[in-house]
Amino acid sequence: MPTYRAPRGTRDLLPAERPAWRHVADVARSLAHVYGYREIETPLFEQVDVFERGVGAVTDIVEKELFRLQPRTEDGETWALRPEGTAGVVRAYVQHGMQTWPQPVKLWLLGPMFRYDRPQAGRYREFWQWDVEAIGDAGPAVDAEIVELGLRFYDQAGLDDVEVLLNSIGDPACRPAYIERLVAFYRDHADVLPPAERHRLDANPLRLLDSKDPGMAAINATAPRLVDHLCEACATHFTEVQEHLDALGVPYRIEPGLVRGLDYYTRTAFEYYRRGREGQQQALGGGGRYDGLVELLGGKHTPGIGFALGLDRVILALEETGAEVPTESPPIAVVVGADPGATAERLRVATDLRAEGLNVRADLGVRKLGRQLESAAREGARFAIILGDELSEGNVQVRDLEAASQKVVAIDDLPALLSRKSQGG
RNA sequence: GUGGCCAUAGCUCAAUCGGCAGAGCAUUGGAAUGUGGAUCCAAAGGUCGCGGGUUCGACCCCCGCUGGCCACCCCA
């Protein structure tokens, strides 16, 4: 065992897996651009207050999972690593007066998030999210735009079995009354509530709706549904979101049990799952409307909506489905030599080719020629450039490792030859 | 945070009842002095996750810790 290893819940992303990650990030980046979202970067840590208000003080994320940083002085601020992206983005919106920009302000961010919970496959203490936020537009059309953008991302990333679960969780005008009804309903059935579920009645009654306890299924079947108790404004908004999705031809499934248990999350809530896997806890991504959040973080009342997609889980899903993802590309050529000591020549030839932008490896070891060619072939290089006696006349042997053919080429002609070949010519 | 399963070479895994730590892949060298992915031979690579206990003797049994995975919790 090594003396040191990556901290629990973190991991190294090794060279072989980076191309897949780069692919996923490239899809996110280019889609964001196409949809008119602009990139923002916020600090990896913020004042704890930003998260306690912005995420919610009584949420698991803040109560149990926040990575708090020790202040360096007695009177120092307390910071925490960001557990999600929205709070920091909204803080930046307020701080930089973005309410004076044309609305909505459409932003995206891609980076690591940190939560101190118990690791599992697809659940890490350091994980990556793509965050997309549209702040300053209350209308249902932007909800549909966001939901569709997420689906398109999964499709372009290479996952073709992703579906969106949709719900409306009301707003401060209608939700409190509904929760009262819901609690009253469960109290009527308190005698048959599984013990483990009873405490949630006080802590977070909405959560009972999507309980995985089989004993809850029968009770929940008759429970009052939030969608039936929306105020008129919320009901209209929900209907219009669906109309916009229908007009786009975006499929979705209404899931009345889908909740986001934070007070300032409002109306639209959605999560992305791989088809047939929504019973498992591993959402690929999720989002919703947060019309109260800007105000909570010190701004004017401003509507907003966004999503966070978990890139680790996308990578995991791509591996599971065996989807085609980019891999590392080998060098177009490897410079090898017959004389084990003549590494200076090999390095010089490679350097000149690299100056032309060609991906060329120089074999700088002291192995004999056969071994050098073996390595070059095994790593998938198309050509071996063999330095030998011909060098004195300015020539080298260029060996095509796929065709097993070989010819003498002037060193000066190498860049043109390799450039043509590396473009598939 | 709760419960369970697991941890042997860089990777994937063996090791019978408690009795000498192994294989394949990968790496390096040789067969083969300037010609490759195959083949053969060899080398190197180990605190059997860490610490303690039981025992004449522990990879093996017991306890604790660390880490991974699974189910909860919750989310991404």
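By convention in this document, chain letters (A, B, ...) are assigned in the order of the sequence lines, proteins followed by strands, and residues within each chain are numbered from 1.
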N/O (side chain, Gln120(A)) to phosphate O (OP1/OP2, A71(B)) under 4.0 Å: yes
With a 4.0 Å limit, can you tell me whether Arg313(A) has a side-chain N or O closer than that to the phosphate oxygens OP1/OP2 of A76(B)? no
Heavy atoms under 4.0 Å, any strand shown: does [X] hit a base, just sugar-phosphate, or nothing?
{"X": "Ile386(A)", "result": "base"}
{"X": "Glu390(A)", "result": "base"}
{"X": "Asp339(A)", "result": "nothing"}
{"X": "Gly337(A)", "result": "nothing"}
{"X": "Gly9(A)", "result": "sugar-phosphate"}
{"X": "Gln397(A)", "result": "base"}
{"X": "Ala404(A)", "result": "base"}

Choosing from [options], which nucleotide comes nearest the side chain of [X]?
{"X": "Pro119(A)", "options": "U35(B), A76(B), G68(B)", "answer": "G68(B)"}
{"X": "Leu401(A)", "options": "G34(B), U35(B), G36(B)", "answer": "G36(B)"}
{"X": "Arg123(A)", "options": "G67(B), G34(B), G1(B)", "answer": "G1(B)"}
{"X": "Ala121(A)", "options": "G34(B), G67(B), C70(B)", "answer": "C70(B)"}
{"X": "Phe127(A)", "options": "A76(B), G3(B), U35(B)", "answer": "A76(B)"}

Pairwise [atom1] distance, [M] and [N] [rounded to whole Å]:
{"N": "A15(B)", "M": "C61(B)", "atom1": "P", "result": "13 Å"}
{"N": "A21(B)", "M": "U12(B)", "atom1": "P", "result": "24 Å"}
{"N": "C11(B)", "M": "C73(B)", "atom1": "C1'", "result": "34 Å"}
{"N": "G37(B)", "M": "G49(B)", "atom1": "C1'", "result": "37 Å"}
{"N": "G34(B)", "M": "A14(B)", "atom1": "P", "result": "42 Å"}
{"N": "U16(B)", "M": "G10(B)", "atom1": "C1'", "result": "29 Å"}
{"N": "C62(B)", "M": "A23(B)", "atom1": "P", "result": "29 Å"}
{"N": "A44(B)", "M": "A26(B)", "atom1": "C1'", "result": "13 Å"}

Under the ring-ring contact (aromatic ring centres under 6.0 Å, His included) rule, what do Phe270(A) and Tyr272(A) come out as? Steps first, then yes or no, please. CA-CA 7 Å; Phe270(A) 56 96; Tyr272(A) 299 100; 5.7 Å; yes
Is any side-chain N of the basic residue among [X] and [Y] closer than 4.0 Å to the acidic one's carboxylate O?
{"X": "Lys106(A)", "Y": "Glu145(A)", "value": "yes"}
{"X": "Arg68(A)", "Y": "Glu52(A)", "value": "yes"}
{"X": "Arg382(A)", "Y": "Glu402(A)", "value": "yes"}
{"X": "Asp117(A)", "Y": "Arg115(A)", "value": "no"}
{"X": "Arg53(A)", "Y": "Asp49(A)", "value": "no"}

Only pairs with both distances under 3.5 Å count, Watson-Crick or wobble alike; so what is the partner of [N] in this structure?
{"N": "U39(B)", "answer": "A31(B)"}
{"N": "C61(B)", "answer": "G53(B)"}
{"N": "C5(B)", "answer": "G68(B)"}
{"N": "G22(B)", "answer": "C13(B)"}

Length of the line joining [X]:[atom1] and [N]:[atom2], which is rounded to integer Å:
{"X": "Tyr4(A)", "N": "U66(B)", "atom1": "OH", "atom2": "C1'", "answer": "15 Å"}
{"X": "Ile385(A)", "N": "G36(B)", "atom1": "CD1", "atom2": "P", "answer": "18 Å"}
{"X": "Glu17(A)", "N": "C11(B)", "atom1": "CD", "atom2": "C1'", "answer": "13 Å"}
{"X": "Arg382(A)", "N": "G36(B)", "atom1": "CZ", "atom2": "P", "answer": "19 Å"}
{"X": "Asp117(A)", "N": "A71(B)", "atom1": "CG", "atom2": "C1'", "answer": "15 Å"}
{"X": "Arg118(A)", "N": "G3(B)", "atom1": "CZ", "atom2": "C1'", "answer": "8 Å"}
{"X": "Glu65(A)", "N": "G1(B)", "atom1": "CD", "atom2": "C1'", "answer": "10 Å"}
{"X": "Asp60(A)", "N": "C73(B)", "atom1": "CG", "atom2": "P", "answer": "11 Å"}

Please tell me which of Thr10(A) and Gly310(A) maps to the more 5' nucleotide of RNA chain B, matching each residue to the nucleotide holding its nearest heavy atom. Thr10(A)
Can you give me every donor-acceptor pair (side chain of residues 149-158 of chain A, partner residue at least two apart or in another chain, under 3.5 Å) with its distance?
from      : atom 1 : to        : atom 2 : distance (Å)
Arg152(A) : NE     : Tyr35(A)  : OH     : 2.8
Arg152(A) : NE     : Glu148(A) : OE2    : 2.9
Arg152(A) : NH2    : Glu148(A) : OE2    : 2.7
Tyr154(A) : OH     : Leu284(A) : O      : 3.2

When you check the side-chain N and O atoms of [X] and [Y], is any donor under 3.5 Å from an acceptor?
{"X": "His237(A)", "Y": "Asp171(A)", "result": "no"}
{"X": "Gln129(A)", "Y": "Glu84(A)", "result": "no"}
{"X": "Arg274(A)", "Y": "Thr321(A)", "result": "no"}

Donor-acceptor pair present, Arg399(A) side chain and G36(B) base, under 3.5 Å: yes
Ignoring hydrogens and angles, answer whether the base of G49(B) and the side-chain atoms of Arg5(A) contain a donor-acceptor pair closer than 3.5 Å. no
Where along residues 361-381 of chain A does a heavy atom fall under 4.0 Å from RNA chain B? Arg367(A), Lys368(A), Leu369(A), Gly370(A), Arg371(A), Leu373(A), Glu374(A), Ala377(A), Arg378(A)
